[in-house]
Amino acid sequence: MPAFCDVALPVPLDQNFTYAIDGVVPVVGARVLVPFSGQRLMGVVIRLHDDPLPEGVQTKPVQQVLDSTAILTDELMRLAAWIAQYYVAPLGEVLRGMLPLAAEVKRNFVYRIAEPGRKVLYQGAEKGSSRRSRLSPEDQNREYAVLNYLEDGTTAKASALRAATQANKALLDGMVKKKWLIREAVAEERDARRLERVAVLAPETRLPKLNANQTTLLAELAAVGGRMKVADIRSLGIPDSTLGTLVKRGLVTIEEVPEDFFRSSTHPVGKKHAHEHPLNESQLEALSSIVISINQKGFRPHLLFGITGSGKTAVYFAAMQRVLDQGHASLLLVPEIGLTPAMSGQMYAAFGDAVALLHSQLTPDERAEQWHRIRRGEARIVVGTRSAVFAPIVDLGLIIVDEEHDSSYKQEETPRYHGRDVAVMRAKFLEIPVVLGSATPSLESWSNAEKGRYSLIEMRQRVANRPIPAVELVDMRTEFQQTGQENLFSRQLLLETQATLDRGEQAIILLNRRGYSFVVMCRSCGDKIQCENCAISMTFHKHLNNDTSIAEPGERLQCHYCGFRRNVPKTCPTCQSEHLYYLGAGSQQGEERLQELFPNARIGRMDRDTVRGRMDMERLLARLHAGEINLLVGTQMIAKGHDIHGVTLVGVVGADFALGLPDFRAAERTFQLLTQVSGRAGRGDLPGKVLVQTYHPDHYAIQFAANHDYPGFVAKELQYRRWMHYPPFAVLANIIIQSPKLEEATAWSATLGKWFERTRLDKIRVLGPAAAPISRIKRIYRFHFVLKAEQRNTLSRTLRAMLAYADTHEIPRRSLIVDVDAVHLM
Ligand code: ADP
Ligand code: ZN
Ligand code: ZN
């Protein structure tokens with residue numbers, strides 16, 4: 001029997017911890033509870049051994065073994081080890097991200113009777129021990145009641161025991177200490193879907209006498225085929241008591257059915273699902289490349305470069321169907337399920353109960369339940385956001401990453417992994433094909449295709465020979481010269497919008513900032529009103545009368561980084577001048593201006609303030625599909641994959657402000673956004689048109705986007721990246737040094753700066769230390785270094801050496817953020 005086990009713990013330390021085995025021997029890959037600096041932490045066993053401990057070192061014993069078999073397969077353990085190595089992240093933190101099970105351990109403890117307890121119950125506690133016990137006679141009785149309750153070997157939660165015996169938690173824990181009871185953690189497995197109550201009309205023909213409400217309800221039920229959600233009955237304005245009475249009289253029954261998560265009705269009537277179209281030639285060609293890989297079985301990465309509207313979804317479906325037919329499972333990663341509910345709706349339509357969804361809106365319990373369902377092999381089609389890349393899928397045969405360029409695949413907290421790159425690695429370990437799809441592939445993926453590491457599949461035509469929309473640039477400098485005014489919307493955009501609405505078509509206008517104005521400036525002293533906690537301008541949110549959808553209406557200034565709010569000041573906080581000036585229009589202002597300009601338009605807005613959850617999004621999309629909204633204004637959310645056939649005009653307002661951001665990916669992001677938003681136009685029978693208002697009409701990102709020339713854009717951008725030694729020609733890491741104390745942050749930055757200088761690193765470029773682009777967030781000061789290396793190894797080695805040096809100079813690990821392959825340099 002091994003004496004020790006090494007455990008990976010979710011703490012920001014780059015090491016594992018050794019514990020003594022005391023009783024049950026855990027297997028490698030099992031979860032255990034162990035003591036760690038006064039807390040109880042859950043970790044994963046990664047090694048069993050008898051290695052002698054270093055002199056003077058004492059180990060504590062494992063407190064509890066939670067699993068009898070490995071909770072993670074070898075494959076996932078291997079993936080975790082790779083992530084820890086590649087992203088320079090503690091293994092325990094990586095594993096925690098893979099196991100969505102914290103909820104189970106925290107909440108679901110049960111008690112079971114132990115042998116000594118049974119003895120006490122049958123023979124009475126040893127004579128004298130009850131005299132010495134400090135328990136009151138009532139508590140002693142409760143102890144017996146608990147033992148009685150558990151006598152037949154059942155397990156019960158603390159809450160159940162309290163209800164039955166009035167024994168509180170302290171009493172139960174006392175019994176555990178005396179070894180009368182065993183306390184253990186369990187994982188509950190329920191149906192992953194929330195239950196929903198449905199009223200069902202009973203097959204009764206003779207109707208008794210009814211009041212008006214009762215008659216209405218029965219009539220409504222009969223009209224919709226005899227079944228209706230209880231929630232929907234409430235929205236008819238019929239009181240709950242009416243339903244209650246009908247249930248009592250046996251005229252209606254209530255059934256609990258799994259909630260139709262995402263199977264909702266946003267899919268417009270008459271519009272076909274992606275899998276219902278016969279594939280066209282270029283779709284078939286794309287599919288056959290993927291199917292060849294599937295049949296050859298082996299690691300084969302593909303980049304599917306298909307323009308917007310080329311019908312990529314249908315190709316994914318067909319490939320997944322092939323894999324399913326061969327008895328294997330598939331994983332489809334998507335950027336954000338809530339933003340594109342149509343995708344999941346179509347999944348259910350095509351694959352029914354074989355589908356499992358993993359996304360950020362699940363509660364920890366729901367997530368755990370889905371996880372178990374997948375692990376039992378019940379879900380053969382797994383669709384999810386970033387962390388779904390860790391789903392314990394049995395017999396995985398194919399991974400697809402949709403919109404692979406999307407920055408939401410990068411996790412912005414430890415472990416800072418990129419979901420797309422982990423997906424490729426997982427496919428490599430499993431020796432299966434992986435497909436990365438996009439109309440605007442990331443430069444990293446594109447250059448992998450150019451180098452022949454990924455095989456390139458192209459889809460250059462829109463489905464049904466639909467033309468790609470014509471893009472026209474509107475030079476806002478000329479507009480200003482001609483009108484003498486700084487207008488939010490150009491004359492041309494207004495004319496074309498009016499014409500579109502007059503023709504009974506729909507228009508979308510992108511205004512990629514939330515709120516009303518994103519800068520409030522004092523004209524007397526020039527100060528901008530900043531957040532108290534962050535070095536960031538506050539955004540003005542106005543109260544619009546019709547904004548019923550906003551959870552918290554009212555005028556305010558808000559920080560979009562920490563959420564801090566304040567009232568709108570009448571005078572400048574610095575100089576008390578009354579001349580406050582509101583600059584920069586956000587989507588809320590766009591909506592208000594459009595309402596003035598087009599009083600008859602049916603206007604909708606799509607941004608973080610109006611869309612707070614999946615239901616908001618579904619409602620908005622349903623209204624768009626139905627034509628209830630004919631003019632939509634919003635942030636980049638409107639550019640996300642929506643397939644609304646009535647949209648023939650897309651207007652872009654102020655998209656080039658992003659070009660000025662201090663980030664080497666600014667041009668790439670602008671190109672992607674313009675291309676994706678343009679792609680929303682002309683997806684139905686009528687051709688689309690795009691108007692881009694810009695102050696930089698000659699900028700190459702804008703020019704290439706206007707010409708739908710992705711290859712042209714990447715060629716130019718890659719040249720620039722090569723000169724500047726940026727990815728994909730270098731590997732990059734962002735190191736942030738943070739502290740609530742400015743002196744600490746500067747001192748640590750200087751210490752590390754000197755170390756970088758002294759060590760004179762070979763083949764690595766170090767920029768910094770410098771104040772981070774956002775120099776303070778949530779009252780924490782931030783400095784950074786950017787490291788660029790030619791070789792991955794050099795970079796990893798340097799980062800580890802730096803961390804070791806920081807450790808010896810008492811720079812706490814949690815004050816250093818290491819972001820390998822950083823996506824945002826903020
Ligand atoms: P992409 O993701 O490439 O932008 P989608 O997958 O959203 O494109 O498909 C665009 C639209 O074309 C959808 O409405 C889809 O149902 C439809 N579609 C897909 N394949 C075909 C086809 N072969 N013929 C006609 N329409 C199709
Ligand atoms: Zn001022
Ligand atoms: Zn803030």
Side-chain angles (χ1 to χ4, degrees), residues 267-268 270-287 304-318 332 334-335 340 342-343 345-347 349-350 400 402-404 406 437-440 457-466 468-469 520-539 557-566 569-581 625 639-647 675-685 688 774-780 782:
H267 197 81
K271 186 179 156 186
K272 280 191 185 170
H273 286 291
H275 69 281
E276 292 167 329
H277 294 282
L279 296 186
N280 64 29
E281 207 174 308
S282 75
Q283 285 172 317
L284 283 173
E285 232 172 81
L287 176 64
L304 173 54
F305 166 47
I307 65 165
T308 57
S310 58
K312 295 183 284 294
T313 317
V315 176
Y316 302 154
F317 277 54
L332 171 64
V334 294
T340 50
M343 177 67 103
Q346 297 193 54
M347 279 287 155
I400 298 170
D402 189 26
E403 310 290 3
E404 65 88 29
D406 198 289
S438 177
T440 51
I457 304 172
E458 290 190 71
M459 290 165 65
R460 294 170 167 277
Q461 299 286 316
R462 279 194 162 183
V463 295
N465 296 320
R466 284 173 198 147
I468 43 174
V520 184
M521 200 179 98
C522 170
R523 278 192 203 252
S524 294
C525 72
D527 271 9
K528 295 171 186 162
I529 299 186
Q530 284 208 336
C531 172
E532 287 184 6
N533 310 319
C534 314
I536 276 289
S537 284
M538 296 194 79
T539 299
L557 296 182
Q558 193 185 330
C559 169
H560 288 173
Y561 277 80
C562 72
F564 173 74
R565 288 154 186 243
R566 57 173 294 172
K570 296 256 175 334
T571 57
C572 168
T574 315
C575 75
Q576 273 69 50
S577 147
E578 287 177 5
H579 301 287
L580 291 177
Y581 188 44
H625 284 303
K640 300 273 174 187
H642 310 300
D643 188 41
I644 303 151
H645 286 190
V647 175
T675 305
Q676 294 289 346
V677 75
S678 303
R680 299 316 110 205
R683 296 173 76 93
D685 296 333
I774 302 177
S775 58
R776 200 165 76 117
I777 295 183
K778 299 183 188 170
R779 299 188 177 241
I780 302 214
R782 312 166 80 245

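Keep in mind that this is a model prediction, so the values were computed, not measured. Note that ligands are numbered from 1 as they come in the structure, with each ligand's atoms numbered from 1 the same way.
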Query raised in the report: Less than 3.5 Å between some nitrogen or oxygen of Arg683 and one of ligand 1, yes or no?
Result: yes
Report task. Answer whether the closest heavy-atom distance between the side chains of Arg782 and Ile777 falls below 4.5 Å. Result -> yes
Requested in this report: Kindly indicate whether the side chain of Thr308, heavy atoms from C-beta on, has any atom under 4.5 Å from the side chain of Ser678.
Outcome: no
Query raised in the report: Backbone or side chain, does Cys534 get an N/O/S atom under 2.8 Å to the Zn ion (ligand 3)?
Result: yes
Query raised in the report: Once rounded to 10 degrees, what value does the angle at the Zn ion (ligand 2) take between SG (Cys522) and SG (Cys572)?
Result: 110°
**Report entry** Side-chain donor or acceptor of Lys528 paired with backbone N/O of Ser537 under 3.5 Å
**Finding:** no
Query raised in the report: Looking at ligand 1, does Val315 have a heavy atom less than 4.0 Å from it?
Result: no
Query raised in the report: Do any of the N/O/S atoms of Cys525, backbone or side chain, fall under 2.8 Å from the Zn ion (ligand 2)?
Result: yes
Query raised in the report: Going by heavy atoms in the side chains, are Ile457 and Glu285 under 4.5 Å from each other?
Result: no
**Report entry** Check: Pro278 N/O within less than 3.5 Å of ligand 1 N/O
**Finding:** yes
Query raised in the report: Is the closest side-chain heavy-atom distance between His642 and Val647 below 4.5 Å?
Result: no
Query raised in the report: N/O to N/O below 3.5 Å, does that happen between Gly311 and ligand 1?
Result: yes
Report summary line: Note: SG(Cys531)-the Zn ion (ligand 3)-SG(Cys559) angle, rounded to 10 degrees, equals 110°
Report task. Say whether Val463, considering both its backbone and side-chain N or O atoms, lies within less than 3.5 Å of an N or O atom on ligand 1. Result -> no
Report task. Would you check if Arg523 and Met521 make a side-chain contact, meaning some heavy-atom pair closer than 4.5 Å? Result -> no
